[in-house]
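Reckoned from all heavy atoms, side chains included, excluding hydrogens, waters and symmetry mates. Keep in mind that this is a model prediction, so the values were computed, not measured. Numbers here simply count residues along the sequence, with the first being 1.
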Amino acid sequence: MADGTPERTQSHAFAVLRPSSLRLLLFIEGEIARQGGGPVTLYIDQFAVVGSIRVVLPGLSELTGLGLIDWHGFRSVT
């Protein structure tokens, strides 16, 4: 997953991030750290601290497309 190494922060992928996607990445990194590392499950309501769904979904797609996260989409939980 994402890390704070100079190689990552100086990469072309990191350089083209929109500010909203960078906020999203920092939120995801914080959740990974809070949950002890490794893969995490995040719920749609947790993303409200980052922005509206109109900001979050394109940000997730951007971060995935740039190879900064591995996102598998939303699943319905009943």
Let's go through Thr64 and Asp70 carefully: what are the C-alpha distance in whole Å and the side-chain angles of both, what is the deciding distance for side chain to side chain contact (heavy atoms under 4.5 Å, CB included) to 0.1 Å, and is it a yes or a no? CA-CA 6 Å; Thr64 301; Asp70 184 17; 5.6 Å; no
Could you name each residue pair satisfying salt bridge (charged side-chain N to carboxylate O under 4.0 Å, His left out) that touches residues 54-66, not counting sequence neighbours?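 Every pair satisfying salt bridge (charged side-chain N to carboxylate O under 4.0 Å, His left out) with a residue in residues 54-66: Arg18-Glu62.
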How would you list, by chain and number, every residue that makes a side-chain contact (heavy atoms from CB on, under 4.5 Å) with Ser61, sequence neighbours excluded?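 Expected list: Trp71.
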Under the rule for salt bridge (charged side-chain N to carboxylate O under 4.0 Å, His left out), what residues qualify as partners of Arg34, not counting sequence neighbours?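 Arg34 satisfies salt bridge (charged side-chain N to carboxylate O under 4.0 Å, His left out) with Glu31 once adjacent residues are dropped.
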Please give me the minimum heavy-atom distance between Gly59 and Ser21, naming the atom from each residue.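 So the minimum-distance heavy-atom pair works out to CA-OG, 3.5 Å.
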Where is the tightest heavy-atom contact between Leu60 and Leu24, given as atom of each residue plus distance?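 That closest heavy-atom pairing would be N-CD2, 3.5 Å.
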Heavy atoms, side chains only, cut-off 4.5 Å: are Val16 and Leu66 in contact?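 Yes, at least one pair of side-chain atoms sits under 4.5 Å.
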Non-hydrogen side-chain atoms of Phe47 and Ile53 separated by less than 4.5 Å: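 No - every pair of side-chain heavy atoms lies 4.5 Å or more apart.
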Working note: Ile28 + Val50, criterion side chain to side chain contact (heavy atoms under 4.5 Å, CB included); need CA distance, chi angles, decisive distance, verdict. CA-CA 10 Å; Ile28 293 169; Val50 178; over 6 Å; no
What residues, two or more places apart in sequence or in another chain, satisfy side-chain hydrogen bond (donor to acceptor under 3.5 Å, both in side chains) together with Ser20?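 With sequence neighbours excluded, Ser20 shows a side-chain hydrogen bond (donor to acceptor under 3.5 Å, both in side chains) to no residue whatsoever.
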Atom pair CG (Leu68) and CD (Glu29), whose distance is rounded to the nearest 0.5 Å: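 That separation rounds to 9.0 Å.
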Roughly how far apart are Leu42 CG and Ile32 CD1, rounded to 0.5 Å?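 The distance works out to 7.5 Å.
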Establish whether Val49 and Leu57 are linked, either directly or via other cluster members, by ILVMFWY side-chain heavy-atom contacts under 4.5 Å.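 Hydrophobic grouping puts Val49 with Leu57.
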